Structure formats: C-alpha cells, structure tokens
Amino acid sequence: MSALTVTLPDGSQRSLPEGSTAGDLAAEIGPGLAKAAVIAIVDDKEIDLDVPLADGADVSLVTASDELGLHTIRHSTAHLMAQAILDLHPGARFAIGPPIEHGFYYDFDLPDGKTLNDEDLEAIEARMHELVAADQPFERYEISVPEALDLFKDEPYKMEIIEAVTSGAANSDDAGELSGDTVSYYRNSDTFLDMCTGPHVPSTGRLGHFKLQRVAGAYWRGDEKRPQLQRIYGTAWSSKKELKQHLVRLEEAAKRDHRRLAQELDLVSWPTELGPGLAVWHPKGAIIRKIMEDYSRQRHEEGGYDFAYSPHIAKSVLWETSGHLDFYADGMYPPMEMDGASYYPKPMNCPFHVLIFKSGQRSYRELPKKIFELGTVYRYELSGAVHGLMRSRGFTQDDSHVFATREQIADELSSLLDFMLGVLRDFGFTEFEAKLSTRPEEKSVGDDEIWDSATAGLQAALEAHGLDYVVDEGGGAFYGPKIDVDVRDAIGRAWQLSTIQLDFNLPERFELEYVAPDGERKRPVMIHRALMGSIERFFGVLIEHYAGNFPAWLAPVQARILPVAEAHEDYARGVADRLRAAGFRIEVDAANDPLGKRVRNGKVQKIPYVLVVGDDDMANDTVGVNARGVKDVERDVTVDAFTERLAADVAAKS
RNA sequence: GCUCCCUUAGCUCAGUCGGUAGAGCGUCUCCAUGGUAAGGAGAAGGUCGACAGUUCAAUUCUGUCAGGGAGCUCCA
C-alpha cells in the first residue's frame with residue numbers, strides 16, 4: 001500500500017495512506033484535534049480539511065482557538081445565515097458576506113423590495129440552528145468563468161463580482177473567489193450554494209455559537225448612489241462560553257455609554273426643543289467642562305499661544321475667500337439674511353484667525369505666531385450621523401493656527417506633537433496610534449518642495465516621539481498633509497482625537513505675507529491643530545474611558561460628607577467649609593435617609609470619596625473615608641490628612 | 001439623507017386581542033436618629049411624542065411629521 005509523508009509545524013513527520021486528507025491527519029494525531037480542527041494550512045495555503053494531501057507537504061492544522069480558525073467559523077456562519085435566509089425568503093439575492101471582527105455580516109436583496117425586521121431575525125436564527133443540527137457538509141467545487149456566469153446568472157451581485165474581476169479589475173478585493181480562470185463555490189445542500197474562495201469548516205455541525213444582532217441598510221459596494229441592500233450582522237464564536245463572554249462584554253460597554261452616563265450622572269442632556277445634535281450642559285457636566293477648558297487655556301498660555309475670540313457668524317464674503325462655500329457648503333448651516341448680506345454660522349475658526357494674522361504687517365520676528373481659541377462651530381451633520389456628544393451639530397474646538405515660515409515647520413511640528421501628547425496623557429490616555437496622510441493623487445495646491453519637506457517634517461516628528469504610525473498614501477487633503485492621532489480607551493477602543501494639519505491653501509487665498517530678513521515679502525505656511533478636537537466629543541470619550549469614574553481633578557464632586565445623625569450635621573458642614581476653603585468641590589448629604597442609603601447614593605454617583613462623620617470624628621477632628629472602588633472603610637483619618645490626600649490626587653490627575 | 005427598530009409618570013419599563021393606564025426608582029410629607037451600597041408608611045405626578053384618518057369609541061389600527069437607537073453613507 002502506497003503512503004504519503006507530511007511535515008508538521010514542529011518539524012516532525014507523519015506517514016499516511018495515499019489519498020489521506022488534512023482531516024484524516026488530525027484524526028491520526030488524536031481525537032481531540034480531530035474535533036478541534038477547522039481548516040488546514042498546506043504549503044502556506046488555507047484549505048478545507050477534506051482535500052487530499054500531497055506527498056511531502058507541510059501541513060499545519062488550524063483549530064477554532066486560532067484567530068484564523070475563528071475567522072473561518074464566522075465566514076462559514078455567514079454562509080449558514082444566507083442559506084437560512086434563502087429557505088425563509090425564496091428569491092433572495094446575495095452580495096457579499098465576509099467575516100469581520102467578532103462576527104460576520106451578509107448583504108442581500110429580497111424580492112419585491114421586502115424588508116426584514118427583528119422578528120424575521122429570530123426566525124432566521126432558528127432556521128440556522130436547524131441547519132446546524134442537519135450537519136450539512138460544505139462541499140467545494142471549481143468551475144470555469146463561463147460556467148460560473150451561467151451558474152450565477154440569476155444572482156446579479158455575484159455576476160457583477162465575477163465580471164468586475166475578469167474584466168481586469170484584478171486588484172479588487174473580490175478577487176478571492178477567482179484563482180486563474182476558475183471560480184470556486186461551496187454547496188451546502190441541493191438548494192444552497194454560494195460563490196466563495198473558502199475555506200470552510202467541514203460541516204454546519206461545527207457551527208452553532210452565534211447570535212444575529214441587527215438588520216441594517218448598506219449600500220451595494222458602499223456607494224450611496226447604488227442600491228441599498230439589507231445587511232444582517234451577527235456574532236459567532238467557537239464555543240458557547242466565548243459567545244456568552246462576548247455578549248457580556250457588549251453589555252459592559254453599553255453601561256459605559258456616555259449618553260446613559262450623562263443622564264445618570266446629570267451631566268448633559270439633549271432637549272428635543274433644541275434640535276438634533278445640540279446639547280445643554282448641566283451644572284455637573286459644566287464644571288467638568290470648565291476644568292477641561294481652564295486646563296487647556298493654562299497649557300496654551302504656558303505654550304506661548306496668543307488668545308483670540310471670534311464671532312459665531314460672518315458674512316458670505318469670508319467663506320467665499322476661504323473657499324468653504326465652494327467645497328464645504330453642504331456641511332454649513334444655511335445663512336441668515338440681514339441688511340442685504342448673508343451671514344453664515346461658522347463651521348470653522350480658521351478664517352478668523354487668518355484675519356487676525358492679516359490685520360497688520362507681520363515680520364519674520366513674530367513667527368511662528370500661534371493663535372488659540374476655544375471656538376464654537378456649527379456644522380450640518382446628517383441626521384443619521386448625529387450621535388450624543390460624539391457627533392454634534394454645535395461644538396467647541398480647542399483650535400489653534402500656527403503661522404510659520406517654511407524653515408520653521410519641522411521644529412514646530414515636533415513641538416506641537418509634544419504638546420499634544422502631554423495633554424492627552426494628562427487625561428489618562430497612554431496608548432496612541434498615529435496616521436500620516438500624504439499628498440493626494442488628484443489636484444492639490446502647493447509646490448513639490450513644500451509637500452515633501454512638510455511630509456518629512458511630520459514623519460520626523462512622529463519618529464522623534466516614538467509614535468506608532470501608519471502612512472495613508474494619498475490620504476491627505478488637497479491643501480496639505482496631516483497627522484491624526486488615535487487614543488485607545490480603557491476597554492481598548494480607538495478614538496480619533498487630535499489632528500495636526502498643514503495648509504498651503506488658506507495663506508494663498510488670503511494672500512498672507514510676512515517680511516523676511518532680506519526685506520522680501522514671503523508667504524507663511526499655516527498649521528491647523530486641535531488636541532481634544534471637539535470639547536464635546538472629548539468629554540464623551542472621557543466619560544466612556546473612565547466609565548463615569550472621573551479622577552479627582554475632574555470629578556464634579558470630589559467628596560461628599562455624610563453626618564451619621566442630625567447631631568453631626570454642624571460638624572459635617574464645618575469640615576465641608578474647610579475642604580472648600582482648600583479649593584475642593586464638596587457636598588454635604590444630610591438628607592432624611594439612613595446612612596447606608598446615603599453611602600449608596602454617593603457610590604452610585606461615582607464620587608471619589610464618601611466621608612462619614614459621627615461622634616468619634618467630632619471628638620477627634622477626623623473623618624471616616626470610603627474611597628471609590630475600595631471595599632474597606634478607613635476610620636479616624638484626620639481632616640488634615642484627608643486634605644493632603646485629596647490634594648495629592650488632584651495634583652497627580654489620578 | 002437611506003434601511004430597520006423605538007417613543008406610555010422626572011428615570012427605567014409593564015400594559016391595554018380598540019372601551020383614556022400600572023410597577024420600581026426618584027420627588028414631597030410623616031414616622032424612624034440611623035457608623036458605611038436600598039428602614040417604614042402615605043401622597044402628588046401621565047392629552048400614552050405631535051397631527052390627521054378609520055371607528056360608536058384610538059394610547060392601542062393606518063398615514064404623515066418630530067425626536068431617539070443600530071447600521072450604511074458622510075466627517076472638507
């Protein structure tokens with residue numbers, strides 16, 4: 001009997017009978033692996049477990065605990081869902097159904113424009129579980145392109161994918177289904193097959209730990225002008241336990257939702273009378289904002305910035321000169337007509353700062369000139385894009401514009417990055433990722449030399465600060481390259497906050513000049529720069545990052561003092577006055593509630609310190625300290641010692 | 001803006017197969033004076049998002065609008 005020999009990842013070799021598959025190999029090694037294996041990697045290619053192995057192949061078995069295995073499970077689950085949809089809604093036509101982080105989706109169309117709702121989702125999920133029980137094999141077939149065009153002739157989206165790829169758009173993401181001139185597809189049953197490059201799990205019985213999450217609309221190929229398909233998102237895992245853990249994580253993330261915490265902690269609200277995307281700041285939110293803004297002003301003052309203020313509206317001529325009415329009109333609020341002129345609410349602060357620069361003749365000795373403003377802007381965000389504080393229609397930027405000579409750019413960028421990271425670190429962020437966006441392919445303004453030197457300056461600044469970054473080739477705006485900085489929050493989500501954007505355009509449009517040492521007039525370069533970006537959004541991110549547990553320097557109430565009984569109320573108020581005199585934000589809760597209840601209320605409000613004072617404390621000038629997040633209560637802490645402790649917390653911004 | 005879903009007391013939600021409504025928390029009052037995550041009792045509080053339509057009757061069914069959520073698109 002002939003045999004074949006394969007090499008495993010550890011270098012060991014196994015002999016198997018002729019015709020053996022990767023699945024046979026797994027079974028040969030052990031029943032546990034046979035059960036766990038999902039696909040195999042043979043000579044660096046991902047394949048199904050039922051493909052016969054060639055003699056001398058390098059074989060590695062991929063299990064569900066590998067990232068790649070999980071990816072396969074999600075991909076196969078997308079197929080499973082498509083089959084269930086087709087069973088329940090004959091005539092459905094499918095577009096694409098890829099695995100994504102934590103799950104998968106599938107885009108499709110139903111006959112007669114039928115749309116699905118949450119109940120349909122339950123039915124589809126139930127049908128999927130039946131198909132899992134049926135344990136259908138995933139069978140792979142390869143056919144020629146003409147055969148594929150015939151097989152999928154009733155599937156317009158699949159046809160389009162085949163045609164797009166065969167007509168030469170070979171770099172397309174869709175190329176996966178096609179290798180050379182063949183198309184592969186998988187058949188699960190007599191009634192369901194799907195074009196797909198695979199690989200897949202051996203059979204549907206290997207799936208089952210999934211949950212369909214939501215149905216949404218999605219444009220075909222992401223293009224607003226093309227038909228909108230239905231998309232079902234689901235999550236899928238290799239075990240029931242993992243699925244459950246994921247669902248618990250989602251619940252925990254939902255508990256941090258800044259819109260929910262804004263309500264629970266009485267920070268901000270969105271009265272419908274104001275309109276979408278417009279918030280009012282309640283006292284507890286407003287005090288945090290004041291601290292953020294005070295901090296920002298102080299840092300800018302130390303950083304050598306000049307302060308500025310500008311009005312909320314300006315005549316159309318300003319926006320014509322700046323170009324905003326040409327390329328940003330859709331994002332602007334409509335104008336108010338007055339005295340024969342059109343006044344637009346400002347979507348940006350830059351033109352005002354440009355006018356301040358332009359208000360007199362500038363010498364090279366004044367550069368770099370750095371103008372800073374907490375400037376409130378209004379932008380017409382699409383109604384579907386508005387989202388709590390994260391995406392508002394009115395918001396305040398910590399905006400500054402640096403006017404510099406070409407020669408100063410590199411140094412200035414480096415110091416800006418320094419400044420930015422210092423601010424972000426003070427707000428508790430420790431992980432950063434940057435993106436460098438370079439000159440776009442299409443038309444752009446500015447000569448090659450300035451693009452090259454500015455881009456090199458940005459890159460040098462990133463490297464000097466040891467920041468991880470990716471380059472988005474051609475991703476810059478037409479008027480200059482930029483750096484965007486993302487932070488990771490406490491649960492690992494990335495938020496884009498800060499931007500440093502070069503601008504070669506506005507100085508041209510406004511004909512900005514400075515007098516150089518040789519007496520010649522030269523054009524400065526402008527740098528737009530926001531650190532928090534939008535104060536609103538930054539606050540939203542902080543709420544979620546800290547889950548409402550603001551560090552003492554930001555907490556609206558730093559300590560709440562609870563007298564044990566009425567007899568201790570005067571003492572409590574005395575301690576509160578002393579702490580307030582030391583500069584802290586203090587409340588006294590002498591409400592008609594039992595102590596346990598009042599402690600709970602303080603905890604629910606996420607106050608850093610709940611202080612309890614009773615007979616012992618009155619006698620000894622002490623407080624009982626119940627710190628947030630700490631189980632044990634500390635008794636007999638002197639008021640002085642507590643004052644020092646709180647001061648240290650505030651100073652450490654922790 | 002597009003697709004789907006949602007809107008009932010200050011908040012979180014029940015409920016009415018069409019006959020105008022309930023709970024918990026919160027608020028107020030009273031009792032309880034309590035040493036560390038919910039003491040007890042009572043009261044007030046709702047044009048059931050708005051406007052039309054169907055109906056003897058609409059909070060409930062239908063439509064339009066407004067607001068909100070998820071996703072898509074967008075974020076120069």
Side-chain angles (χ1 to χ4, degrees), chain A residues 105 107 109-110 113 115-121 213-233 254 257 259-260 263-264 266 269-278 322-332 347-348 350 379-388 390-393 395 440 476-479 482 484 496 499 501 503 505 528 533-534 537 562-569 590-605 610-617 623-628 630-636:
Chain A
Y105 67 81
D107 287 349
D109 226 0
L110 295 184
T115 53
L116 298 181
N117 58 32
D118 294 347
E119 280 172 32
D120 296 313
L121 231 52
Q213 292 169 298
R214 59 186 70 94
V215 56
Y219 299 109
W220 169 227
R221 304 199 150 221
D223 185 342
E224 202 177 356
K225 294 180 188 68
R226 311 219 41 191
Q228 188 166 43
L229 308 178
Q230 298 191 63
R231 171 175 296 179
I232 296 179
Y233 281 95
D257 189 304
R259 293 161 301 180
R260 172 192 182 131
Q263 150 108 285
E264 289 172 1
D266 197 16
S269 67
W270 292 267
T272 61
E273 292 86 338
L274 306 189
L278 299 171
S322 70
H324 285 96
L325 279 177
D326 284 340
F327 59 81
Y328 194 66
D330 288 349
M332 292 171 69
M348 295 184 200
C350 25
R379 296 184 186 177
Y380 178 74
E381 300 287 354
L382 291 179
S383 61
V386 165
H387 180 86
M390 302 305 191
R391 201 67 181 274
S392 308
R393 283 185 174 170
F395 59 95
F478 72 89
Y479 50 82
K482 65 170 174 177
D484 294 313
Q496 198 222 298
T499 306
Q501 165 85 62
D503 189 339
N505 182 47
H528 304 255
S534 143
R537 178 177 150 85
L562 316 183
V564 172
E566 261 170 45
H568 313 114
E569 194 174 328
N592 228 357
D593 285 317
L595 184 62
K597 177 62 179 297
R598 285 179 285 148
V599 168
R600 180 174 193 276
N601 288 343
K603 295 287 186 184
V604 167
Q605 286 297 305
V610 173
L611 305 181
V612 174
V613 295
D615 288 335
D616 300 346
D617 300 294
V623 293
V625 176
N626 191 329
R628 184 178 59 200
V630 177
K631 265 217 171 97
D632 297 331
V633 170
E634 301 162 62
R635 293 287 302 271
D636 306 319

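Note on naming: letters A, B, ... go to the chains in the order of the sequence lines (proteins, then strands), and numbering restarts at 1 for each one. Being a predicted model, the structure only gives us computed values, none of them experimental.
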Which heavy atom in Gly476(A) sits nearest to a heavy atom in Pro440(A), and how many Å separate them?
O-CG, 3.6 Å
rG15(B) versus rU8(B) - spacing of their P atoms, nearest Å:
14 Å
Run Asn626(A) and Val612(A) through side chain to side chain contact (heavy atoms under 4.5 Å, CB included) and show every step you take.
CA-CA 8 Å; Asn626(A) 191 329; Val612(A) 174; 5.7 Å; no
In the 5'-to-3' direction, what one-character label does each nucleotide of nucleotides 1-8 of chain B receive under the scheme B = base within less than 4.0 Å of a protein heavy atom, S = sugar-phosphate only, - = no such atom?
BBBSS---
Using every non-hydrogen atom in the two residues, find where Gln230(A) and Leu116(A) come nearest and quote the distance to one decimal.
OE1-N, 2.9 Å
Roughly how many Å is it from CZ in Arg600(A) to P in rG35(B), rounded to a whole number?
18 Å
Do the rings of Phe478(A) and Phe327(A) sit parallel, tilted or perpendicular, given the 30° and 60° boundaries?
perpendicular
Which atom pair, heavy atoms only, marks the closest approach of Asp593(A) to Arg598(A)?
O-NE, 2.9 Å
By the 4.0 Å heavy-atom rule, please label Gly222(A) as base, sugar-phosphate, or nothing.
sugar-phosphate
Check nucleotides 23-28 of chain B for protein N or O atoms closer than 3.5 Å to its own N or O atoms and list the pairs.
residue	atom	partner	partner atom	Å
rG26(B)	OP1	Lys597(A)	NZ	2.7

In whole Å, what separates the C1' atom of rG10(B) from that of rG46(B)?
12 Å
Distance check, C1' atoms only: rA23(B) and rG19(B), in whole angstrom units.
23 Å
Just by distance, do the side chain of Arg537(A) and the backbone of Gln496(A) share a donor-acceptor pair under 3.5 Å?
yes
Identify whether any heavy atom of Pro347(A) sits under 4.0 Å from a base atom; if not, whether one sits that close to sugar-phosphate; answer base, sugar-phosphate or nothing.
nothing
Which residue lies more 5' along RNA chain B, comparing His387(A) with Ala567(A) via nearest heavy atoms
Ala567(A)
Report yes or no: is there a donor-acceptor pair, N or O only, under 3.5 Å between the side chain of Arg221(A) and the base of rC72(B)?
no
So Ala565(A), base contact, sugar-phosphate only, or nothing? Heavy-atom distance under 4.0 Å.
base
Pick base, sugar-phosphate or nothing for Gly331(A), based on heavy-atom distances below 4.0 Å to the nucleic acid.
nothing
Whole angstrom is fine here: how far is it from CG in Asp616(A) over to P in rU36(B)?
12 Å
5' precedence on RNA chain B between Phe478(A) and Val599(A) (nearest-nucleotide basis)
Val599(A)
Minimal heavy-atom distance between Leu611(A) and Val625(A), with the atoms involved, is CD2-CG2, 3.8 Å
Students often mix this up, so state it plainly: with edges at 30° and 60°, are the rings of Tyr328(A) and His324(A) parallel, tilted or perpendicular?
perpendicular
If we ignore hydrogens and angles and just use 3.5 Å, is the side chain of Arg635(A) paired with the main-chain N or O of Gly624(A) as donor and acceptor?
no
Donor-acceptor under 3.5 Å (Arg379(A) side chain, Pro347(A) main chain)
yes
Whole-Å gap separating C1' (rC72(B)) and CH2 (Trp220(A)):
15 Å
Protein-nucleotide distance (Gln213(A), atom CD; rC72(B), atom P), rounded to Å
13 Å
Rounded to whole Å, please give me the gap between CG in Leu562(A) and P in rU33(B).
19 Å
If you check every side-chain atom of Asn592(A), which of rU36(B), rC31(B), rC72(B) has the closest atom?
rC31(B)
Secondary structure of RNA chain B per the Watson-Crick/G-U criterion (both distances under 3.5 Å; [ ] crossing, | other strand, . unpaired) is (((((((..((((.....[..)))).(((((.......))))).....(((((..]....))))))))))))....
Between Arg231(A) and Asp107(A), the two heavy atoms sitting closest are NE-OD1, 2.6 Å
Can you figure out which of rA37(B), rC31(B), rG71(B) approaches the side chain of Lys603(A) most closely?
rA37(B)
Pick the P atom in rA44(B) and in rG39(B), then give their distance to the nearest Å.
24 Å
Tell me the interatomic distance from Glu634(A), atom CD, to rG35(B), atom C1', rounded to whole angstroms.
15 Å
Before giving the answer on salt bridge (charged side-chain N to carboxylate O under 4.0 Å, His left out), spell out for Asp257(A) and Arg259(A) the whole-Å C-alpha distance, their side-chain angles and the decisive distance to 0.1 Å.
CA-CA 5 Å; Asp257(A) 189 304; Arg259(A) 293 161 301 180; 2.4 Å; yes
Rounded to whole angstroms, how far apart are CZ on Arg259(A) and P on rG69(B)?
5 Å
Answer with base, sugar-phosphate or nothing: what part of the nucleic acid does Asp615(A) contact at a heavy-atom distance below 4.0 Å?
base
On a whole-Å scale, what distance lies between the C1' atoms belonging to rG49(B) and rU59(B)?
11 Å
Would you say that Tyr233(A) contacts Arg214(A) through its side chain, given a criterion of any heavy-atom pair below 4.5 Å between the two side chains?
yes
Looking at Gln263(A), does any N or O in its side chain come under 4.0 Å of the phosphate oxygens OP1/OP2 on rU12(B)?
yes
Using a heavy-atom cut-off of 4.0 Å across all strands, would you classify Tyr233(A) as base, sugar-phosphate, or nothing?
sugar-phosphate
For residues Arg393(A) and Val386(A), determine if any side-chain heavy atom of one lies less than 4.5 Å from a side-chain heavy atom of the other.
yes
Atom pair distance, as rounded to whole Å: CG in Asp636(A) and C1' in rU36(B)
14 Å
